[in-house]
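Structure first, then comments.
Scope of the values below: all heavy atoms of this structure, side chains included, with no hydrogens, waters or symmetry mates. A, B, ... follow the sequence lines: proteins, then strands. Residue 1 opens every chain.
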Amino acid sequence: MSSFLDPSSDPSEPGVKLFARHPADVARDLIGMILTVDGVGGRIVETEAYHHEDPASHTFNGPTPRNAAMFGPVGRAYVYRSYGLHWCLNFVCGDTPGSAVLIRALEPMSGLEQMRERRGADAARLLCAGPGRLCQALAISREHDEAPLDKPPFALEPSMQDWEIVVGPRIGLTKGVQTPWRFGLAGSKFLSRPFPKA
DNA sequence: AGACTGATATTCT
DNA sequence: GAATATCAGTCTA
């Protein structure tokens with residue numbers, strides 16, 4: 001069992017120690033961790049937090065069929081379709097129901113050839129730079145919705161390193177723009193977009 | 001480089 | 001009918 005899991009927690013509800021906190025704290029701590037799906041993945045370099053009381057969150061207006069996973073146990077995936085065609089991967093978390101962290105970009109580390117097959121012959125920096133690209137490269141879709149993140153095909157490993165983290169406004173929103181809940185690995189070449197200057 | 005456009009699921013008005 | 005936690009393609013410069 002991974003060290004970030006609370007050994008006393010119910011194994012059917014994974015990741016309580018990491019995920020049962022405010023989504024902004026979880027989003028920050030996920031930067032630098034290694035995510036793989038069936039062995040394909042890499043280092044998380046960009047995340048965004050969404051909270052139940054945040055107007056930009058899918059859960060702001062309460063439960064719907066789509067967002068059901070976000071009202072379920074923490075430590076599971078929330079996968080939704082974006083603009084009708086892309087998939088987006090979130091980690092359900094929070095100290096109250098209805099929060100999640102959007103995984104926006106990875107630094108590819110393993111399974112590069114599979115990523116290229118799934119996406120086309122992209123340069124490495126474009127394989128997982130953005131939530132839609134990331135899901136295509138890792139073959140994530142509706143079937144992963146509500147799947148536990150500590151069991152196959154998912155694997156999430158903590159990093160012992162101390163990263164420098166950059167913070168900024170979230171991308172693509174019209175509501176809640178001013179809430180600075182986008183987090184990134186400073187200096188990474190694999191971000192979906194650069195962070196605005198301080 | 002930046003601006004515009006098409007694709008189109010799900011939710012909300 | 002309109003908006004959206006997006007991306008790729010195609011213009012214009």
ask   = Going through the distances and angles, do A:His51 and A:Thr59 end up as a side-chain contact (heavy atoms from CB on, under 4.5 Å)?
value = CA-CA 8 Å; A:His51 188 271; A:Thr59 53; over 6 Å; no
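- Bracketed by its first and final contacts, the part of DNA chain B lying under 4.0 Å from non-hydrogen atoms of chain A reaches from B:dA7 to B:dC12 in 5' to 3' order.
- A salt bridge does not link A:Glu146 to A:Arg76: none of the charged nitrogens lies less than 4.0 Å from a carboxylate oxygen.
- Comparing A:Leu126 and A:Gly172 by the nucleotide of DNA chain C whose heavy atom lies nearest to each, the residue mapping closer to the 5' end is A:Gly172.
- By the 4.0 Å N-to-carboxylate-O rule, A:Arg142 lies too far from A:Asp145 to be salt-bridged with it.
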ring-ring contact (aromatic ring centres under 6.0 Å, His included) assessment of A:Phe60 paired with A:His52 = CA-CA 5 Å; A:Phe60 184 64; A:His52 180 52; 7.8 Å; no
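- A:Phe71 and A:Val26 end up in different hydrophobic clusters when Ile, Leu, Val, Met, Phe, Trp and Tyr side chains are linked at under 4.5 Å.
- Remark: A:Arg118 CZ is packed, more than 12 non-hydrogen atoms of other residues, nucleotides or ligands lying under 6.0 Å away.
- A heavy atom lying under 4.0 Å from DNA chain C marks the following residues of residues 50-69 of chain A, by number: A:Tyr50, A:Ala56, A:His58.
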ask   = Run the side chain to side chain donor-acceptor pair (under 3.5 Å) check on A:Gln136 and A:Arg119 step by step: do they pass?
value = CA-CA 6 Å; A:Gln136 189 180 17; A:Arg119 287 209 21 83; 2.6 Å; yes
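- For the pairing with A:His144, the ring pair (Phe, Tyr, Trp, His ring centres under 6.0 Å) check across A:Tyr80, A:Phe91, A:Tyr78, A:Phe154 returns one residue only, A:Phe154.
- Ion pairing between a basic and an acidic side chain is recognised when a charged N comes within 4.0 Å of a carboxylate O; A:Asp54 and A:Arg170 show such pairing.
- Contact check for A:Arg116 versus A:Asp122: no side-chain heavy atoms found under the 4.5 Å cut-off.
- Annotation: proximity of residues 90-105 of chain A to DNA chain C (heavy atom, distance under 4.0 Å) is found for A:Asn90, A:Leu102, A:Arg104, numbered in ascending order.
- Outside the 6.0 Å centre-distance limit, the rings of A:Tyr50 and A:His58 are not counted as a close aromatic pair.
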ask   = Should A:Ser192 and A:Glu46 be marked as a side chain to side chain donor-acceptor pair (under 3.5 Å) after you check the CA-CA gap, both sets of side-chain angles, and the distance that decides it?
value = CA-CA 8 Å; A:Ser192 66; A:Glu46 184 181 343; 2.8 Å; yes
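- The shortest side-chain heavy-atom distance between A:Pro131 and A:Ser82 does not fall under the 4.5 Å cut-off.
- Here the side chains of A:Leu35 and A:Leu89 are in contact, with some heavy-atom distance below 4.5 Å.
- Taking the C1' atoms as reference points, C:dA8 lies 22 Å from B:dT10, given to the whole Å.
- Nucleotides of DNA chain C that come within less than 4.0 Å of any heavy atom of chain A span, from the 5' end to the 3' end, C:dT4 to C:dA8.
- By the 4.5 Å heavy-atom criterion applied to side chains, A:Arg21 and A:Asp95 are not counted as neighbours.
- Residues from residues 173-197 of chain A placing a heavy atom under 4.0 Å of any atom in DNA chain C, listed by number, are A:Leu173, A:Thr174.
- The separation of C:dA2 from B:dG6, taken at their P atoms, amounts to 15 Å, rounded to a whole angstrom.
- Between B:dT5 and C:dA3, the two P atoms lie 15 Å apart (nearest whole Å).
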inquiry  = Could you spell out the base pairing of DNA chain B as a dot-bracket line? Use Watson-Crick and G-U wobble contacts where both distances are under 3.5 Å, [ ] for crossing pairs, | for partners on a different strand.
reply    = |||||||.||||.
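- Between A:Phe183 and A:Val166 there is no side-chain heavy-atom pair separated by less than 4.5 Å.
- Residue-environment remark: CD (A:Gln178) stays at or below the threshold of 12 foreign heavy atoms within 6.0 Å.
- Although no hydrogens or angles enter the test, the distance criterion places a donor-acceptor pair under 3.5 Å between the side chain of A:Arg125 and the main chain of A:Leu191.
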